[in-house]
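Attaching a single structure in structure tokens format; questions to follow.
Atom set for the values below is all heavy atoms of this structure, side chains included, hydrogens, waters and symmetry mates excluded.
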Amino acid sequence: PTVSIQDNTVEASLPTGESVTVHLYGATVTSWKANGQEQLFLSQKAHLDGSKPIRGGIPVVFPVFGPPPKDHATSALPQHGFARNSTWEYLGKSSSESADSQGDMTVKLDFGLSHTLLSEEFRKAWPYEFALVYSVTLNKNSLMTALEVRNEGKENFDFQVLMHTYLSVEDISAVRVKNLESKTYIDKTQNATSHTEASNALAITGETDRVYQALDPAVPIIVSSAADDKPLFSITREALTDVVVWNPWIEKAKGMADFAPDEAYKNMICVEAGSVSGWQTLEAGDSWEGAQNIKSRL
Ligand code: TA6
């Protein structure tokens, strides 16, 4: 594997042609190439200069998902917290022959963010002594992102975490999301009311913003082709029991200045692994880890 470092991005590639690019801003994966093609959606007007969270790829959401609640330790933070709009540091790489028989290579990139690296504004807003280690592991046909959260202070803190993955699809009307049937979800397009998923192949036919809850992490969420039911992506998780399915659709796509072109809602679907229903409490001195593993075009 090779790893190259530009001023604010780290790129790793495998001899078999796969590659991944990570921006130090937000430790945001902005590109994942496999089977010779880009797997992630990145808006043509995504800000890559640190002026605004990157619209696309895999933003890291921590310590709060969505607009922070009132009268809470996270109340003074921006939507989706500070991790995706802070500059992380590159901690290094490790590569290995993976276990599988083909001897396919694996390369892992590690990134860190701690309270000492945080801006004064964010540190004041959320004054806990935390440390995050985010690792991005590239295999021949999969990408894994894992976040370790450490509490290095003397006070417990509550957090939410989510990997806000923008998957690239050719045509949103030709995909289905599977393995959500009979699961409970909060529908944020219907005043956050609770519903039960009736479909075993969810079609996206309008603005969709749903938090599916308490999903067995080992059961893959599959984005499949409507035409032949072939899986395009399969996402398994560790410790992340919620999955958000989001597509802004026409009006919301037009309404986001950094979402371009407007019609690009047809070429993306967010399937986001997280722990966002309620709060994880991390005790002083403890650590927690969560991960997603995305297999592509199997
Ligand atoms: O993950 C879905 C969501 O929470 C939507 O409600 C929408 O707000 C989206 O995230 C994007 O949020 P952002 O702050 O990146 O514009």
* **Over 12 foreign heavy atoms within 6.0 Å of CG, Asn191** => no

* Taking the six-membered ring for Trp, are Tyr128 and Trp126 ring centroids under 6.0 Å apart? ->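 Distance test on ring centres: under 6.0 Å, yes.
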
* Reported OG1-to-CE distance for the pair Thr236 and Met144, which is rounded to 0.5 angstrom -> 9.0 Å

* Asked: With distance as the sole criterion, is a donor-acceptor pair present between the side chains of Asn139 and Thr106 under 3.5 Å?
  ->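 Judged by distance alone, the side chains do pair up.
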
* **Salt-bridge criterion met for Glu121 and Arg123 (N-O under 4.0 Å)** => no

* Would you check if the side chain of Glu197 reaches a backbone N or O of Ser199 as a donor-acceptor pair within less than 3.5 Å? => yes

* **Side chains of Thr193 and His195, donor plus acceptor under 3.5 Å** => yes

* Derivation and outcome, ring pair (Phe, Tyr, Trp, His ring centres under 6.0 Å), residues Trp88 and His23 -> CA-CA 9 Å; Trp88 294 54; His23 272 254; over 10 Å; no

* Asked: Between Ser13 and Thr2, does a side chain to side chain donor-acceptor pair (under 3.5 Å) hold up when you go through it step by step?
  -> CA-CA 5 Å; Ser13 57; Thr2 55; 2.6 Å; yes

* Is Asp229 salt-bridged to Lys178, cutoff N-O under 4.0 Å? -> yes

* To do: Establish whether Ile58 and Ile269 are linked, either directly or via other cluster members, by ILVMFWY side-chain heavy-atom contacts under 4.5 Å.
  =>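 Yes; Ile269 is reachable from Ile58 via cluster members.
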
* With side chains defined as the heavy atoms from C-beta onward, is the minimum distance between Val211 and Val243 less than 4.5 Å? -> no

* Pick out which of Trp279, Trp288, Phe130 makes a ring pair (Phe, Tyr, Trp, His ring centres under 6.0 Å) with Phe159. => Trp288

* Asked: Is there a donor-acceptor pair closer than 3.5 Å between any side-chain N or O of His72 and the backbone N or O of Thr74?
  ->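 Yes, the answer is positive, given that a donor and an acceptor are paired below the 3.5 Å cut-off.
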
* State, with a plain yes or no, whether a side-chain heavy atom of Phe82 is found less than 4.5 Å away from one of Ser119. => no

* Determine whether Val245 and Val161 fall in the same hydrophobic cluster, where Ile, Leu, Val, Met, Phe, Trp and Tyr are linked whenever their side-chain heavy atoms lie under 4.5 Å apart. => yes

* When rounded to the nearest 0.5 angstrom, what distance separates CD in Glu148 from CG in Asp110? -> 9.5 Å

* Distance in Å, Ser19 OG paired with Leu14 CG, rounded so as to fall on 0.5 Å steps ->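 Ser19 OG to Leu14 CG: 8.5 Å, rounded to 0.5 Å.
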
* Does the Asp242 side chain pair with the main chain of Val276, one donor and one acceptor, at a distance under 3.5 Å? -> yes

* Ser43 (side chain) donor-acceptor with Ala260 (main chain) under 3.5 angstrom ->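 Yes; judged by distance alone, with no hydrogens or angles, the pair exists.
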
* To do: Check each of Tyr265, Trp32, Phe259, Phe233 against Phe41 using the ring pair (Phe, Tyr, Trp, His ring centres under 6.0 Å) test, and report the only one that passes.
  =>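 Running ring pair (Phe, Tyr, Trp, His ring centres under 6.0 Å) over Tyr265, Trp32, Phe259, Phe233 with Phe41 returns exactly one hit, Phe259.
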
* Given the rule that I, L, V, M, F, W and Y join up when any side-chain heavy atoms are under 4.5 Å apart, are Leu147 and Leu117 in one cluster? ->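 Yes, because Leu147 and Leu117 connect within a single hydrophobic cluster, where side-chain heavy atoms sit under 4.5 Å apart.
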
* Is Asn156 reaching over with its side chain to a backbone N or O of Ala284, donor-acceptor style, under 3.5 angstrom? -> yes

* Asked: Is the count of non-hydrogen atoms from other residues, nucleotides or ligands lying under 6.0 Å from Lys45 atom NZ greater than 12?
  -> no

* Side chains of Ser168 and Gln39 in contact at under 4.5 Å (non-hydrogen atoms) -> no

* Got Lys183 and Thr196 here, is their nearest side-chain heavy-atom distance under 4.5 Å? ->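 Counting from C-beta outward, Lys183 and Thr196 never come under 4.5 Å.
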
* Yes or no on salt bridge (Lys or Arg N to Asp or Glu O under 4.0 Å) for Lys52 and Asp258, after CA distance, side-chain angles and deciding distance? -> CA-CA 9 Å; Lys52 193 177 176 321; Asp258 63 346; 3.3 Å; yes

* Let me see the working for Glu18 and Thr16 under side chain to side chain donor-acceptor pair (under 3.5 Å), right down to the final yes or no. => CA-CA 6 Å; Glu18 295 74 21; Thr16 38; 2.5 Å; yes

* Does a donor on one side chain sit under 3.5 Å from an acceptor on the other, for Gln292 and Thr145? ->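 On atom types as modelled, these side chains qualify, holding a pair under 3.5 Å.
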
* Asked: If you group Ile, Leu, Val, Met, Phe, Trp and Tyr by side-chain heavy-atom gaps below 4.5 Å, do Tyr134 and Leu91 land in one group?
  -> no

* Any side-chain heavy atom of Ile235 sitting closer than 4.5 Å to one from Leu167? ->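 With C-beta onward as the side chain, the pair touches.
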
* **Pair Lys266 + Glu170, salt bridge at N-O below 4.0 Å** => no

* Asked: Do the non-hydrogen side-chain atoms of His80 and His164 ever get within less than 4.5 Å of each other?
  ->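 Yes, at least one pair of side-chain atoms sits under 4.5 Å.
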
* Do the side chain of Glu207 and the main chain of Trp249 share a donor and acceptor less than 3.5 angstrom apart? ->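 Absent.
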
* Any side-chain donor-acceptor pair under 3.5 Å between Thr28 and Thr30? ->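 No donor-acceptor contact under 3.5 Å links the two side chains.
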
* Between the side chains of Arg84 and Tyr25, is a donor N or O closer than 3.5 angstrom to an acceptor N or O? -> no

* Measure the shortest side-chain to side-chain distance between Ile294 and Thr165 over non-hydrogen atoms and say whether it is less than 4.5 angstrom. =>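 Yes, close enough: below the 4.5 Å cut-off.
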
* Do you see a donor-acceptor pair shorter than 3.5 Å between the side chains of Thr208 and Asn247? -> no

* Asked: Does a donor on one side chain sit under 3.5 Å from an acceptor on the other, for Gln280 and Ser275?
  ->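 Their side chains do contain a donor-acceptor pair, which is all the 3.5 Å distance test asks for.
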
* Could you walk me through whether Ser31 and Glu38 pass side chain to side chain donor-acceptor pair (under 3.5 Å), step by step? => CA-CA 7 Å; Ser31 170; Glu38 179 58 60; 2.5 Å; yes

* Asked: Rounded to the nearest 0.5 Å, how far apart are OG1 of Thr137 and CG of Asn293?
  -> 8.5 Å

* Yes or no on salt bridge (Lys or Arg N to Asp or Glu O under 4.0 Å) for Lys154 and Glu129, after CA distance, side-chain angles and deciding distance? -> CA-CA 8 Å; Lys154 302 229 174 326; Glu129 295 175 44; over 6 Å; no

* To do: Answer whether the closest heavy-atom distance between the side chains of Val22 and Thr9 falls below 4.5 Å.
  =>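 No - every pair of side-chain heavy atoms lies 4.5 Å or more apart.
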
